[in-house]
Amino acid sequence: MTAQEFYQPFTLLCLAYNRELTDALAEVYFMILEDLTAQQFQSAIKEVLATRKYTNLPMPADILEAVHGNSDERAIIALKQAE
């Protein structure tokens, strides 16, 4: 994903969680999440906004989990594929 594709959804995420968007904050999140496609990122943001009940800004790991599932889910899938 490009920085331009990242910025708009991330801005909305910060607004939803009442967090000031700074260049440093955006840089840290983009550094971790830039390997996602724009579609994956937008879908993950949508899922986080729809399902997350905490009031603090989600960590990059929360967004990655929305895309890839948590480690327990990935382990179960891998186990089923190995059978």
Side-chain angles (χ1 to χ4, degrees):
M1 141 178 71
T2 66
Q4 186 176 17
E5 293 169 327
F6 166 83
Y7 193 80
Q8 194 264 343
F10 188 67
T11 300
L12 294 176
L13 184 68
C14 288
L15 285 171
Y17 284 94
N18 200 28
R19 179 72 185 263
E20 180 184 355
L21 176 60
T22 63
D23 290 340
L25 181 66
E27 185 176 337
V28 168
Y29 275 71
F30 183 68
M31 180 177 63
I32 302 299
L33 301 170
E34 68 181 320
D35 290 337
L36 298 176
T37 66
Q39 181 60 41
Q40 286 175 316
F41 182 60
Q42 289 174 4
S43 294
I45 296 297
K46 199 172 183 179
E47 181 178 332
V48 165
L49 287 170
T51 62
R52 194 164 186 273
K53 298 174 186 168
Y54 304 107
T55 59
N56 59 321
L57 184 67
M59 297 299 294
D62 297 318
I63 297 167
L64 289 172
E65 189 173 282
V67 173
H68 302 298
N70 66 35
S71 58
D72 291 339
E73 291 169 345
R74 289 192 311 266
I76 290 169
I77 291 169
L79 182 61
K80 287 182 180 181
Q81 289 175 346
E83 293 177 343

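Note that the structure is a prediction, hence the values are computed from the model and not measured. Residue numbers run from 1 in the order of the sequence given.
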Nearest-0.5 Å distance that lies between atom [atom1] in [X] and atom [atom2] in [Y]:
X	Y	atom1	atom2	result
Arg52	Asp62	CZ	CG	5.0 Å
Met59	Glu65	CE	CD	13.0 Å
Leu49	Tyr17	CG	OH	5.5 Å
Gln40	Leu33	CD	CG	10.5 Å
Glu27	Phe30	CD	CZ	10.0 Å
Gln42	Leu36	CD	CG	11.0 Å

Should the heavy atoms of other residues, nucleotides or ligands under 6.0 Å from CG of Asp23 be counted, would the total exceed 12? no
Beyond-backbone contact of Pro58 with Ile45, side-chain heavy atoms, under 4.5 angstrom: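 SC-SC contact between Pro58 and Ile45 ruled out.
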Side chains of Leu21 and Leu15: does their closest heavy-atom pair fall under 4.5 Å?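 No, every pair of side-chain atoms sits at 4.5 Å or beyond.
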Can you list the steps and then say if Gln39 with Ser43 is a side chain to side chain donor-acceptor pair (under 3.5 Å)? CA-CA 6 Å; Gln39 181 60 41; Ser43 294; 3.0 Å; yes
Could you pull out the closest heavy-atom pair between Thr22 and Leu25, with the gap in Å? OG1-N, 3.1 Å
Would Val48 end up clustered with Leu12 when hydrophobic side chains under 4.5 Å apart are linked, directly or stepwise? no
Are Tyr7 and Val28 connected, step by step, through hydrophobic side chains (Ile, Leu, Val, Met, Phe, Trp, Tyr) whose heavy atoms are closer than 4.5 Å? no
Between Thr37 and Glu5, is the side-chain contact (heavy atoms from CB on, under 4.5 Å) condition met? List the steps. CA-CA 9 Å; Thr37 66; Glu5 293 169 327; over 6 Å; no
Begin from the C-alpha positions of Asn18 and Thr55 and carry the test side-chain contact (heavy atoms from CB on, under 4.5 Å) through to its verdict. CA-CA 9 Å; Asn18 200 28; Thr55 59; over 6 Å; no
Give me the one residue out of Ile63, Asp35, Leu13 that meets side-chain contact (heavy atoms from CB on, under 4.5 Å) with Phe41. Ile63
Please assess Tyr29 against Phe6 for the test side-chain contact (heavy atoms from CB on, under 4.5 Å), listing each intermediate value before the final yes or no. CA-CA 9 Å; Tyr29 275 71; Phe6 166 83; 3.8 Å; yes
